[in-house]
Engineer: 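If you scroll down you'll find the structure; I have some questions about it.
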Amino acid sequence: MELTLWTYEGPPHIGAMRIASSMKGLHYVLHAPQGDTYADLLFTMIERRGTRPPVTYTTFQARDLGGDTAELVKGHITEAVERFRPEALLVGESCTAELIQDQPGSLAKGMGLKIPIISLELPAYSKKENWGAAETFYQLIRGLLKEKAEDSSENTKLSWQEEGRRPRVNLLGPSLLGFRCRDDVLEIQKILGELGIDINVIAPLGASPNDLMRLPKADANVCLYPEIAESTCLWLERSFKTPFTKIVPIGVKATQDFLEELHRILGMEISSSIKKGDQSKLPWYSKSVDSNYLTGKRVFIFGDGTHVIAAARIAKEELGFEVVGMGTYSREMARKVRAEAKDLGLEALITNDYLEVEESIKECAPELVLGTQMERHSAKRLGIPCAVISTPMHVQDVPARYSPQMGWEGANVIFDDWVHPLMMGLEEHLIGMFRHDFEFTDGHQSHLGHLGGHKSTPEESFKETTQISNNQSPSENSINWTTEGESELAKIPFFVRGKVRRNTEKYARQSGCREINGETLLDAKAHFGA
Amino acid sequence: MGGSTLLKETGPREVFCGLTSIVWLHRRMPDAFFLVVGSRTCAHLIQSAAGVMIFAEPRFGTAILEERDLAGLADAHEELDRVVKNLLKRRPEIRTLFLVGSCPSEVIKIDLSRAAERLNAQFQGQVRVLNYSGSGIETTFTQGEDGALKALVPLLPASKSEQLLLVGTLANPVEDRLKTIFNRLGLQNVESFPPRESTQLPSIGPGTKVLLAQPYLTDTARELKNRGAEILTAPFPLGIEGSKLWIEAAANAFNIDKTLVNATLEPLIIRARKALKPYVEKLSGKKLFLLPESQLEIPLARFLNNECGMELIEVGIPYLNREMMKPELELLPQNTRIVEGQHVEKQLDRVRANHPDLVVCGMGLANPLEAEGISTKWSIEMVFSPIHGIDQASDLAELFARPLHRQNLLSNKTLETV
């Protein structure tokens, strides 16, 4: 048993619903009690969709148990097929139905329906949402294409050059409740179109089962979201020898690398303009003088595997941040995230417990948090600016404007989204210069007000930094700050005060100093060159 | 029993389960904690239903069953003890701990009453442990509150003194207001259940007369009756008419002089009618369709028809307790179509066929109906908003007038494209 007060992922059948709801012409019969219909609001309220998810719940009740729940399942399947006339049917169960072992998938297959039936087995007590989505996508495609795969040896693949056409690829993995997926697809489609690469099928978002039958016609697969599409891409590679991309195009450099990888796979010459990196404003904005204040900003990154890995690279290589902590709740991506963290000299935090993440943020004392909506709350409590980079979805993560994360425009969006919660360079200097004027109160924050209003007094933000430093060294309480030392510390801008306090205490310990006054502070500053 | 047409329907439903009640019960009793013994789905459900995100550490959580818990039940009990111990260590301020049964815990028959007994013995003095079921195979939405209150009834101290007990979670200001009115009628001894602190339980006994403030407390009412209380028969305190009859039921039971009652209520009623008038103008003649969710549908339909002039197409309810609803049904117009249970697809077909001006429904259905051009109102707002009592009648009407008003504001201007 695991005690959970808040969770990053839903159960695996929610993942299956994400696939079903993303597609057209597909229906999902879910053997589940009535309460499980709450899942509809994830789509109709969080995604603000104007259509119900294509899901029929069997709504079994206690009085049905021990009776004929199997007949109930069959009845709902018949009704759903008659009413919605899907091209293919997913049949599965939620956690409760799994326990009563009706095996709705086998029941459905025995009914003689004239459409493909994909039976889902998603172990609700050991797996979670992203796994469920990946497995559903894989089972669906495998179920539809299995026969084609078996005689694929005859389909000797002719390359696009031999056929005298433009190369074409599938975009795999975008789904509802995925972070900015809709816009990512548009952006990648636009970039590839300009480079002379056609899109064969986009799936699951917007595809129908019939569209999926055309997947093998692509020259390559673009794995946009490994959490959802990697297992499918691997199977398509095994069965149809379709190669797939491993790099996710989030950030300027990753987009460049992704395009190079795709060109290589397709046997195409890459256009020299791509290498210039001037398609996005991020590189210039990052170089511009106003961004000087971004230098070495300490960031903490937590979210799904794909976005965390991409964020770490952008933070370090494209914005000049220092990544001080990173981690993910995606256990399936743990290995990759660990490897990325190791490259940055860090140990990745792999956890499902948001309190553990909050503790880790506290310990790292970052100046910016890149996380999920939960880290936004944690960061607010700690008085640290935060930008949201990953699911789980919140209605705020489904903006009305075009707002991709991928490709050139995605890099522009990321620059704005990450940098706006911080103070801008000139703003920061001016506040530093004028902070003794009466108009300014210490702890003045960006106009976005990430302190959440209630902690805006200088005393409180001061306490906050004090607290962080105390948490770091509970056993080192023997070091005392003199009143003069404290007042010198208070003159240091609040956004670096925590760091200075920490460094000074570290210096004091190293030099065997028990009391910190103004001089110690200056000594420490000289020592660390901060 | 009135002249309503009572029909039953079975099929796929679109109703929250009883676990969802936690999201208002934990606010009512801040010293209580609700621990769902269930699956990841249950955790995801209350997280999603509770406004999607929470800003502080919540007073509810889930002990998520994992594969190894399903292997053997003895193991599950040990695991539960461990989880509870950890929870209480982290949250020592908890005074009442509800173990809430869910669909999976009921199917695998984890005996939560035994677990509660065991934990009570272990944590005596620090915390009280109770259990009830909020599972979707047993309960719908508001029935969870019925289960939680029923679990508390045995703990109520016995008393023979004359008193009025208001039963059902109300917004604090509404509750204060209702008590003030009873005080004006000379009833000083008015308690409420659930209390604002889980440990401040009201007493119960032969002198207690119970007014149900919410229509979904069937089991609780029965238990209170078994403890000697008298359950007063009345419509529910929604709208001017319902609230008046509800207050009068108590006044009659305590033999309060009718002229005092009239003198107290009449000015309130005159004022409330005045406040209600602009909304009546907006709502009158409009067609209303209520889908089943909160059990408040019948009292709401009665108010919206009788006092606001709305035309009732269909009143859906998750289940019908005929005895409890008798006074409400008597006030409904002849041939009101009441449908118990649900086949959500067929019901939505009827919604579309009847072109209602407003549909009251659950959260999952609202936007799809809006996208079809049908204005909606979330049922769940009724359990979170202060809507009870004479003084609140206009606020209650406003909740229904707002979607129509909004539609008028937008339809001719900004939404041409839709």
Side-chain angles (χ1 to χ4, degrees), chain A residues 1-7 9-14 32-46 48-53 56-65 76 79-80 83 94-96 98-100 123-126 128-129 355 373-374 376-377 380-381 393-395, chain B residues 11-20 35 37-45 47-49 52-58 60-67 69-70 76 79-80 82-83 86-87 102-104 106-108 135-138 140 344-345 362-368 370-372:
Chain A
M1 247 176 235
E2 180 197 346
L3 175 63
T4 308
L5 305 179
W6 194 83
T7 163
E9 285 184 82
H13 73 262
I14 296 292
Q34 69 178 347
D36 289 357
T37 56
Y38 82 88
D40 285 4
L41 72 88
L42 302 172
F43 299 92
T44 65
M45 291 200 40
I46 294 180
R48 229 192 287 258
R49 300 259 297 168
T51 50
R52 291 165 64 208
T56 296
Y57 302 86
T58 61
T59 315
F60 62 83
Q61 291 173 282
R63 61 166 182 262
D64 301 319
L65 298 177
H76 280 91
E79 256 189 75
R83 179 177 280 266
S94 77
C95 48
T96 307
E98 188 182 327
L99 297 171
I100 57 176
Y125 298 92
S126 56
K128 295 194 286 252
E129 179 180 331
L355 291 168
Q373 289 287 344
M374 185 37 83
R376 188 169 65 87
H377 292 311
K380 195 180 257 176
R381 274 196 290 275
M393 293 284 268
H394 184 279
V395 68
Chain B
R13 303 178 86 171
E14 182 87 23
V15 179
F16 276 155
C17 66
L19 293 182
T20 331
L35 182 66
V37 182
S39 62
R40 183 163 297 282
T41 313
C42 308
H44 199 234
L45 155 75
Q47 176 175 322
S48 307
V52 187
M53 295 288 155
I54 32 91
F55 285 81
E57 206 173 313
F60 52 79
T62 309
I64 296 184
L65 294 163
E66 293 169 304
E67 218 146 43
D69 301 310
L70 303 177
E79 285 287 290
L80 184 59
R82 180 181 58 80
V83 164
N86 286 346
L87 176 69
S102 67
C103 301
E106 298 214 333
V107 169
I108 63 170
S135 91
I137 56 174
E138 297 276 9
T140 71
V344 67
E345 305 295 348
M363 294 207 279
L365 293 172
N367 264 337
E370 293 280 351
E372 289 183 33

Engineer: With sequence neighbours excluded, tell me which residues meet side chain to side chain donor-acceptor pair (under 3.5 Å) with A:Arg49.
Structural biologist: none
Engineer: Rounded to the nearest 0.5 Å, how far apart are OG1 of A:Thr59 and CD of B:Glu14?
Structural biologist: 8.5 Å
Engineer: Relative to chain B, which of A:Arg63, A:Arg83, A:Gln61 shows the most heavy atom pairs under 4.5 Å?
Structural biologist: A:Arg83
Engineer: So do B:Ser48 and A:Leu42 actually touch side chain to side chain, heavy atoms under 4.5 Å?
Structural biologist: yes
Engineer: Is there side-chain contact between A:His13 and B:Thr41, with at least one heavy-atom pair below 4.5 Å?
Structural biologist: yes
Engineer: Minimum heavy-atom separation for A:Thr96 to B:Pro104, with atom names?
Structural biologist: OG1-CD, 3.3 Å
Engineer: Testing the basics here: between B:Pro368 and A:Arg52, what is the closest heavy-atom pair and its distance to 0.1 Å?
Structural biologist: CG-CG, 3.6 Å
Engineer: Mind checking whether B:Arg13 and A:Tyr57 have side chains closer than 4.5 Å, heavy atoms only?
Structural biologist: no
Engineer: With a 4.5 angstrom heavy-atom cut-off, is it the side chain or the backbone of B:Ser135 that approaches chain A, or both, or neither?
Structural biologist: neither
Engineer: Does B:Leu65 form a side-chain contact (heavy atoms from CB on, under 4.5 Å) with A:Met1? I'd like the steps, not just the answer.
Structural biologist: CA-CA 5 Å; B:Leu65 294 163; A:Met1 247 176 235; 3.8 Å; yes
Engineer: Could you tell me whether a side-chain N or O of A:Thr44 sits under 3.5 Å from a main-chain N or O of B:Gly364, the two making a donor and an acceptor?
Structural biologist: yes
Engineer: Taking 4.0 angstrom as the limit, do B:Glu370 and A:Arg48 come out as a salt bridge?
Structural biologist: no
Engineer: Is it the side chain or the backbone of B:Leu19 that comes within 4.5 Å of chain A heavy atoms, both, or neither?
Structural biologist: neither
Engineer: Is A:Glu9 in contact with chain B via its backbone, its side chain, both, or neither, using a 4.5 Å heavy-atom distance?
Structural biologist: backbone
Engineer: Over all heavy atoms of both residues, which pair between B:Ala43 and A:Thr7 is shortest? Give the atoms and the distance, please.
Structural biologist: CB-CG2, 4.2 Å
Engineer: Using non-hydrogen atoms only, which part of A:Thr37 is less than 4.5 Å away from chain B: side chain, backbone, both, or neither?
Structural biologist: both
Engineer: Nearest 0.5 Å, please: how far is CD1 in A:Ile46 from CG in B:Asn367?
Structural biologist: 12.0 Å
Engineer: Counting only heavy atoms closer than 4.5 Å, note whether B:Glu345 contacts chain A via side chain, backbone, both or neither.
Structural biologist: both
Engineer: Please flag which part of A:Thr4 lies under 4.5 Å from any non-hydrogen atom of chain B: side chain, backbone, both or neither.
Structural biologist: both
Engineer: Could you tell me which of B:Cys17, B:Cys42, B:Cys103 has the largest number of non-hydrogen atom pairs under 4.5 Å with chain A?
Structural biologist: B:Cys103
Engineer: Specify which of A:Gly35, A:Pro12, A:Ala62 makes the most heavy-atom pairs with chain B at under 4.5 Å.
Structural biologist: A:Ala62
Engineer: Need one label for A:Leu3: side chain, backbone, both or neither, based on atoms under 4.5 Å from any heavy atom in chain B.
Structural biologist: both
Engineer: Specify the closest pair of heavy atoms between B:Gly11 and A:His76, including all atoms of both residues, with the distance to one decimal.
Structural biologist: C-NE2, 4.0 Å
Engineer: For the interface with chain A, which of B:Val344, B:Val107, B:Val37 has the highest count of heavy-atom pairs at distances below 4.5 Å?
Structural biologist: B:Val107
Engineer: Less than 4.0 Å between a side-chain N and a carboxylate O, is that true for B:Arg40 and A:Glu2?
Structural biologist: yes
Engineer: With respect to chain B, which residue among A:Pro53, A:Ser126, A:Gly50 yields the maximal number of heavy-atom pairs within a distance under 4.5 Å?
Structural biologist: A:Gly50
